[in-house]
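These notes are about the structure you will find just below.
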Amino acid sequence: MTENVVSLHKNPEPPADTAPVTTLTVVPDPAPAKPVPLWLRSGRAIRTAATHDTTRTTARTVARHGLYVAGGARIVARRAWDGRTAARYERYMRTAEAAGNFEAAAEWEERGQRFRDARHRRRMDLLHSPLDAAKGAAVTTGMGIGGLVLLGIAMAIATKDATEVVTPLMAVIKFINLMVTIVQVVWGPAVSLAPFLALLALWAVGSKQQAAPAWALPDRVRNGEGEPITPSIVVKALRDLGVPALRNAIKEMGDAGASMLSPIVIAGCGVEVDVTLPSGVSTIEVQSKRRKLAENLSRHEHEVFITIPQAARTVRLWVADSGALDEPIGPSPLVTDETLTADYAKGKAPWGQDLRGDAAQISLYQRHLLITGLSNQGKTAALRALALWLALDRSVEFWMGDLKGAGDWAMFDGIATRLIQGPTDDHVIQVTEMLEDAVEEMNHRLQAPPGTVFPLLVVVVDEAQVAFMCPLKDTEKRPYGGSSATSRYFMAARKIHNQGRAVNVLLWQGTQDPTDQNLPKLVREGAHTRASLALGTESQARMALGDKAVDGGAAPNLLRPGLDKGTLVVASDGIDIPKGQSSITVRTHYISTEDAEAIARRAKALRDGVTTLTLIERGEDRDPLADIAAVIGDAPRLRTQDVIKRLSALDGDAYGDWSPGDLTRVLDGTGAEPYKSDGRMVVGRDQITRALAHRDNQDSASGA
């Protein structure tokens, strides 16, 4: 029985003429809580268990592997159908027709017809095959039995036992009986296991192709990491770009946009597909949304490249495998192959790999070169790699100016005839005068008799922006830098660009952060090969590569500074560029300073000793005999033309106008006169050394 609780409390204050009244209120005990029904508790527990992460993950895993089997069966059936019918050829033909590529459509139609003809011949052969097989089996059996009998007769004669005649035949019968017994034993388990093995094979195919709905796939795949690029994914990415005309056109297509795409093909560490855009959609609208397209494809921006092929209204997409571009490429063949040599006219320099993973080789024959990019992106390494390869051609002469002066080109001491290293204005003056000497050499070659073949002279200027920005003027008030008609460096570079190629005088320049001030328009457009590392803006990309390359999809401004070191966008006819494109992206091999020095030693071993001039001195009294000994260096002998050339490089004022007659005049009577060797006039090192020693002895005697 429930007890009541008595509560004693006072009423509100009564009026003044009324006595206070005390009221007793009986408050019942609260009703006891009703027990939760068992079915409700069980339902909550079931709901909690069903929505738990472990349960959901387990269910998704079970569903995924079951669907792998179904997906694998679908894929195998599709492959079998394609293999037995001409469906594959019909599909490719329709795709080519939708893309407007009627030549490819005709080719696929022809292939399909050849397939049908071959299938018809096989079916007709099946009509005659049973009879032919029976005849063949009869002949084979008869010959086999006859052979066994003959073998038995031979054994019987040898052993003088008539029972041996049937011994070979009985051995064969026993062997057949053994095989039948083995089959009887194995057949039962094989039949039992066959369905499980078939299911396992289908699961393997489905698992490899991720043939399951998105909700059943692992998190990393559902999140897009490593997601394979399929036609449906590409069409969906294009539909969601935010281009209304493109989205509406895809919705109106009967095949949901599949006719826009060419077959997706593997291209190196990624895939490539051409997209024929519908009417009303321009290629620039897709190019300008590169980042959004990459994100729609579950990729980073730097993993998607958009170029414009030759076909009209078409964009070519190259989509890298996730993370593939962050993996380094292998070492340069210059490092791994110590027997590698160079051929300036016919060879190609191994520079790196393109995005498809193919070797990127470039011809340097009669092509001026310009490499630009932001600071510390690998410009010097890329330029030096080409020079190291070319140094393995002993006929090539180098004049080099490094206006950074950090020793990046020091290994060319003993290879280059001139090597100027330093960032000061004095170094700029020397590099400018070196270019002007190259112009004089070019003019001398241009005036030579027609048909004269000249060895290659490569003038390399690294950090050329220092020369263009130099504020100094000479005694005649002509500026060394700048881009005016009186600028000495600018005009020398322009003259070499204009005519140097015809007589094998080439100018290679490397420069940072191109602008109109540090890389004038006429100079950058004079280079036949233009390459750019990472840049900051599209306007800089246009300065580096030209409008045509950028309009065709070249985008060095989208490379990641610091992360894409050594990755170049190249516009040149000296490198194999896919048909219809105006540029190619190359991941260059990195050659360390130690490896560069090893390659340089191999290049020096191919040469007869080169005296490298590190300073150009002018206006001083010269000792011709001592200078001749200096330019010959360690070579046992040197052609008179080469001696004159090196003397001119040593001091153009003193020796620039020298002819072979002047050289003969100086050496006449010294005992070191030029002589013939292998049909050419040469000057011997030993004779010059003896002449100098004899002269010094005479001077000492006269002084005494």
Side-chain angles (χ1 to χ4, degrees), residues 368-375 379-380 383 398-410 412 416-443 457-498 500 505-527 543 612-622 648-656:
H368 301 298
L369 175 67
L370 172 65
I371 298 180
T372 187
L374 297 177
S375 177
K379 170 181 52 62
T380 297
L383 185 62
F398 291 96
W399 293 1
M400 293 183 168
D402 175 16
L403 293 177
K404 180 165 56 179
D408 292 333
W409 297 85
F412 280 87
T417 307
R418 304 188 186 188
L419 179 59
I420 301 168
Q421 302 179 88
T424 67
D425 290 339
D426 289 338
H427 293 99
V428 172
I429 293 173
Q430 294 183 47
V431 168
T432 302
E433 293 175 345
M434 180 180 71
L435 255 67
E436 292 173 339
D437 290 345
V439 172
E440 292 183 10
E441 172 65 18
M442 177 189 73
N443 292 333
L457 170 60
V458 182
V459 183
V460 181
V461 180
D462 195 10
E463 307 295 342
Q465 77 279 356
V466 178
F468 283 113
M469 298 295 288
C470 180
L472 293 186
K473 296 182 179 181
D474 61 12
T475 56
E476 299 177 2
K477 304 299 182 182
R478 292 185 304 165
Y480 286 95
S483 58
S484 66
T486 58
S487 170
R488 294 180 60 177
Y489 183 91
F490 170 77
M491 290 306 297
R494 286 292 301 139
K495 290 176 182 178
I496 295 175
H497 278 170
N498 288 339
V505 177
L506 300 182
L507 176 60
W508 292 4
Q509 295 183 97
T511 182
Q512 291 181 15
D513 196 16
T515 65
D516 283 328
Q517 288 71 38
N518 61 26
L519 187 58
K521 177 181 176 65
L522 292 178
V523 171
R524 61 179 184 252
E525 292 186 348
M543 292 180 186
T612 299
L613 305 180
T614 58
L615 184 65
I616 302 175
E617 299 177 353
R618 301 184 182 279
E620 59 179 271
D621 294 335
R622 310 297 311 189
S648 178
L650 180 65
D651 190 336
D653 293 338
Y655 303 116

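All values below come from the heavy atoms of this structure, side chains included, with hydrogens, waters and symmetry mates left out.
A distance of 5.5 Å separates CG of Asp437 from CH2 of Trp399, quoted to the nearest 0.5 Å. Atom-to-atom distance recorded for Leu435:CG and Met491:CE is 12.5 Å, nearest 0.5 angstrom. Taking NE2 from His368 and CG from Leu370, the interatomic distance works out to 12.0 Å, rounded to the nearest 0.5 Å. Distance CD/Gln421 to CG/Asp402: 5.5 Å, rounded to 0.5 Å. Here the CD1 atom belonging to Ile496 is positioned 8.5 Å from the CD atom belonging to Gln509, to the nearest 0.5 angstrom.
Using a 4.5 Å cut-off on side-chain heavy atoms (C-beta onward), Glu525 and Lys521 make contact. Side-chain contact between Thr380 and Trp409: present, with at least one pair of heavy atoms (C-beta onward) separated by less than 4.5 Å. Residues Pro479 and Thr486 form a side-chain contact, since some pair of their non-hydrogen atoms from C-beta on lies under 4.5 Å apart. In this structure, Met400 and Arg418 have side chains that are not in contact, with every pair of non-hydrogen atoms separated by 4.5 Å or more. Residues Glu463 and Thr511 form no side-chain contact, since every pair of their non-hydrogen atoms from C-beta on lies 4.5 Å or further apart. Residues Val460 and Phe412 are not in side-chain contact: their nearest non-hydrogen atoms beyond the backbone lie 4.5 Å or more apart. Using a 4.5 Å cut-off on side-chain heavy atoms (C-beta onward), Val459 and Trp508 make no contact.
For the pair Asp425 and Pro471, the tightest heavy-atom approach, listed with the atom from each and the gap, is OD1-CD, 4.4 Å. Scanning both residues, Phe490 and Pro520, for their nearest heavy atoms gives CE1-CB, 3.8 Å. The minimum heavy-atom distance linking Thr372 with Pro514 is given by the pair OG1-CD, 3.2 Å. For the pair Cys470 and Tyr480, the tightest heavy-atom approach, listed with the atom from each and the gap, is SG-CB, 4.3 Å. Residues Ala438 and Val505 approach most closely at O-CG1, 4.3 Å, considering heavy atoms.
Every pair passing salt bridge (Lys or Arg N to Asp or Glu O under 4.0 Å) that includes a residue from residues 464-475 is listed here, sequence neighbours excluded: Asp474-Arg478, Asp474-Arg488.
Between Val466 and the options Val431, Asn518, Leu403, a side chain to side chain contact (heavy atoms under 4.5 Å, CB included) holds for only Leu403. None of Leu383, Leu507, Leu506 except one satisfies the side chain to side chain contact (heavy atoms under 4.5 Å, CB included) rule with Leu369; the exception is Leu383.
In terms of modelled atom types and a separation under 3.5 Å, the side chain of Gln465 and the main chain of Gln512 share a donor-acceptor contact. Between the Arg524 side chain and the Leu519 main chain, a donor and an acceptor come within less than 3.5 Å of each other. For the pair Ser487 (side chain) and Gly481 (backbone), a donor-acceptor distance under 3.5 Å is present.
Lys477 pairs by the salt bridge (charged side-chain N to carboxylate O under 4.0 Å, His left out) definition with nothing, not counting sequence neighbours. Residues forming a salt bridge (charged side-chain N to carboxylate O under 4.0 Å, His left out) with Asp462 (at least two apart in sequence, or on another chain): Lys379.
Ring orientation note: the planes of Phe468 and Tyr489 are nearly perpendicular, at an angle over 60° on the 30°/60° scale.
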